[in-house]
Amino acid sequence: MSYNFNWSVLWTGQSGGWLIQGVLTTLHIFALGLLIALALGIVAGALRTMPIAPLRWFASGYVEFFRNVPLLVWMFFWYFGVPPLLPQAIQDWLFDHGVEFWAGVFAIGVYHGARFSEVIRAGIQAIPKTQLEAALSTGLTVTQAFRLIIVPIALRLIVPPATNETLNLLKNTSVALTIGVAELTFQTRQIETYTARAFEALAAGTIIYLVLCLTIASIMAHVERRFAIPGMIAQGQTGAS
Amino acid sequence: MTRSLTILAVAYFLMALTDLGHAQNTLEKIDKSGTLIIGTRNGSPPFAYINKNNDWVGFSIDLVEQTVLPALSKKLNKQIKLEKKESAPATRIPLLTSNAVDLIAETMTDTQSRREQVDFSLTFFVTGAQFLVRKGSPVKNIESIAGKRIAAQQGSTNAKIIRERVPSAKLVEFPDQPAAFQALSQRQVDAYTNDGIQLAGLKAKAPKPDEWVVAGEFFSYEPYGMAMRKNDSDFRQVVNVGLMDAIASGRYAEIYEKWFGAKGEVPYPLTPENKRFLQLQVVPK
C-alpha cells in the first residue's frame, strides 16, 4: 500500500474557491454566533450573581439546559424543530433564505451563551467582597464602584477562559455541516468528493482551523497583556515592565 | 517559542501521514488476524443498515459474507471472520488507506477519479440518480428542479451533477439519509436526490410509503463496486473470484431475490440488461 500526496488538488480547479467560501462561511457563523453567545452569556452570567432568587433560577435553568445537551442535538432542534412552529409565511421565507445557516448560528450562539455565562459569573464572583467594601469606603457610590473597580477587574479576569470558549466556538461551527451548512469542514469533504483526495483535503482544513485559532489566541493574548494591571493579575506575563 | 512548536507539531503530523505506507499486503494482513474488516453504512437500506432487530444487515453485507468470505477462507485455507465498521463518503478512502478497513462494501460508485486512489471490484449493482418527492410534486425530473430546494447526500456524485447541470437549483447537502429524509418530510426541501435504488429503499421504509414517489429518469450512471487499497491485485483477485463465482452459480441471484425480489425489503426486479451485464463480467475459469 502506498499513498502519493498530490497537494496541487488544493488549488487547481474549484478547490481553492471552495476553501475560501468555507472559511468565509465559518467566520460568518463564528462572528454571529459569538455575538449571540456574548449577549446571552453576559445577561445570564450577571443574572446568576443577582441577589434576586427567581432571576438566578431562571438563568441557571437556561445554563444547565443548554450546556448539558450535545450541540449536535441543538443543531437538529433549531433546524428541524423550530421552523414547523413558525407561521407558514415565515417558514417559506426562511427556506428561501438559508434556514440551515440561521439554525446553525442560533444553535452555536445559544449553546455557547450558556457556557460563556459561567465564565462571566466566575469572573464576577472571583472578586472578593472586600474589594467592593474598600471601594465604597473611599467614597465611591455603588454604581461607581462597579463601573470603575469591579467590572474592569472582572473583565480582565475572564480573558483566559473566554479565549478558551471563543476557540471552542470557532471549532464547533463545524457541527453545522450536519444540517447542510457549507462551512469549512463541509468544503474539505466536497474537495474529497471531487478529487477523491481525502488526506490533502483534511490536512488543508486542519491547517486552516489551526491558523484561525492561533490568530484568535494571539489577539486575545495581546489584549490580556495590553490591559493587564501591573502588580495585580498576569504579572507573570508582563514582569516588571 | 509557541510558533516554532506549532510548526514542529504540524510537520510531525504531516510526516506521520506520509509514513502510512509500506505495510504488508491485505491477504497477509487477513491471514495474520483471521479477520476481514469491511467499511459499510448503517443507514442505507437495503444495502447496509441496522434493521428492526438491531442487526447490521443488507445486500452488500450479504454479498461479502456469502461470496467474498468463502473465497477468502478457501484461498487462505482457514475460516475468516467478518468485522464491520461504519464508513461514510468522506471517510471511506482514508479508512482504506490507513489500513483501518480492508474492503468498502456499501453503496460506493466506481468512478475514474476514485480509481486514482483505490481499486474497485467488478460492478455488483447498477443504478442511477433520481428524485424522491411527495406525491403530486412539481419536481418530475432533472429538467424541473430549477430554483427548487434539493437535498442531496454530502460527498455523493449526484450533488456534483446537479451543481454542474442545474446551477440555479438550491442544493442542501446532508451527511446521511435520515437527515435528508427528515428535511424532505418537513418540506424544508422540495426533493431529495440520490441513487434510485436507495430512494426506493427509503420509500419502502417510510412510515407511509404511498405518500412518496421516486421520480424522473436516471440522470447519472452509478455502478456500485467494492473498494480496496490500490495496487493489491492478489486481494482484488480473491474478491472478484468470489463475486464471479456467485454470479455464475446463481448465489448472487438468490441474495438479490432476498433483498430486491417481490417479497424482499425493496422490490426492484433485476432488468434483463443488468442481468446480462453482470454475467458478462464473469470471465472463464
Side-chain angles (χ1 to χ4, degrees), chain A residues 1-7 9 13-14 18 72 75-76 79-85 88 91-92 94-101 103 175-182 185-203 205-207 210-211 213-214 217-218 221, chain B residues 2-3 6 9-10 13-14 17-26 29 88-99 111-118 147 149 151-152 154-157 159-160 163 170-176 179-180 182-183 185-190 229-232:
Chain A
M1 185 212 91
S2 67
Y3 191 88
N4 297 315
F5 281 83
N6 175 9
W7 296 100
V9 294
Q14 297 154 286
W18 285 338
L72 181 64
M75 285 284 167
F76 290 145
Y79 186 61
F80 291 120
V82 172
L85 306 175
Q88 191 62 44
Q91 275 191 47
D92 291 340
L94 272 177
F95 294 165
D96 278 341
H97 292 83
V99 61
E100 8 351 279
F101 176 81
V175 180
L177 77 86
T178 53
I179 52 169
V181 181
T185 309
F186 179 101
Q187 298 291 10
T188 61
R189 290 183 173 196
Q190 173 123 308
I191 293 171
E192 195 276 333
T193 309
Y194 276 63
T195 61
R197 295 216 161 254
F199 283 119
E200 288 87 339
L202 289 172
T206 308
I207 288 168
L210 200 59
V211 168
C213 287
L214 287 174
S218 66
Chain B
T2 328
R3 193 159 307 157
T6 313
V10 172
F13 173 67
L14 293 178
L17 280 182
T18 25
D19 201 39
L20 289 173
H22 47 260
Q24 76 253 56
N25 74 39
T26 307
K29 178 173 178 263
T91 61
R92 50 200 177 188
I93 291 178
L95 279 174
L96 276 178
T97 48
S98 66
N99 282 326
T111 67
Q112 291 179 20
S113 63
R114 284 175 184 163
R115 280 189 190 192
E116 287 179 16
Q117 310 308 319
V118 292
R149 283 172 57 84
Q154 278 167 22
S156 67
T157 34
K160 182 174 168 178
R163 198 172 289 115
K170 292 178 193 137
L171 266 182
V172 192
E173 294 175 65
F174 294 94
D176 53 26
Q182 184 66 29
S185 47
Q186 286 189 211
R187 300 173 196 270
Q188 307 240 29
V189 293
D190 300 305
R229 277 180 286 278
K230 209 170 165 62
N231 300 327
D232 197 341

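Just so we're on the same page: letters track the sequence lines, and every chain starts at 1. As the structure is a prediction and not an experimental result, all values here were calculated from the model.
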For B:Gln117 and A:Thr195, which heavy atoms make the closest approach, and how far apart are they? NE2-O, 4.0 Å
Contact class of B:Ala152 relative to chain A, heavy atoms under 4.5 angstrom: neither
State, to 0.1 Å, how close B:Thr97 and A:Phe199 come at their nearest heavy-atom pair, and which atoms those are. OG1-CE1, 2.9 Å
Give the intermediate values and the outcome of side-chain contact (heavy atoms from CB on, under 4.5 Å) for residues A:Asp96 and B:Lys170. CA-CA 9 Å; A:Asp96 278 341; B:Lys170 292 178 193 137; 3.8 Å; yes
Donor + acceptor pair across side chains of A:Gln190, B:Arg163 (<3.5 Å): yes
Quick one: are B:Gln188 and A:Pro83 in side-chain contact, heavy atoms under 4.5 Å? yes
Kindly give the heavy-atom pair with the smallest separation between A:Ile179 and B:Val172, and that separation in Å. O-CG1, 4.3 Å
Chain A interface, residue from B:Arg187, B:Gln186, B:Arg92 that has the most non-hydrogen pairs under 4.5 Å: B:Gln186
side-chain contact (heavy atoms from CB on, under 4.5 Å) with B:Gln154: of A:Leu177, A:Thr193, A:Thr178, only one passes, and it is A:Leu177
Evaluate the ring planes of B:Phe174 and A:Tyr79, with Trp represented by its six-membered ring, and classify them as parallel (under 30°), tilted (30 to 60°) or perpendicular (over 60°). tilted
Taking only residues two or more places apart in sequence or in another chain, which ones pass side-chain contact (heavy atoms from CB on, under 4.5 Å) with B:Thr91? B:Ser87, B:Ala88, B:Leu95
Heavy-atom closest pair (B:Pro89 atom, A:Glu192 atom, distance to 0.1 Å) is O-OE1, 3.5 Å
Among all residues two or more places apart in sequence or in another chain, which pass the side-chain contact (heavy atoms from CB on, under 4.5 Å) test with A:Ala182? A:Phe186, A:Gln187
Between B:Pro94 and chain A, which part of the residue has a heavy atom less than 4.5 Å away: side chain, backbone, both or neither? both
Less than 4.5 Å to any heavy atom of chain A: does that hold for the side chain of B:Lys160, its backbone, both, or neither? both
Separation of A:Tyr194 OH from B:Thr111 OG1 (nearest 0.5 Å): 12.0 Å
Could A:Glu100 and B:Arg149 be called an ion pair, given the rule that one side-chain N must be under 4.0 Å from one carboxylate O? yes
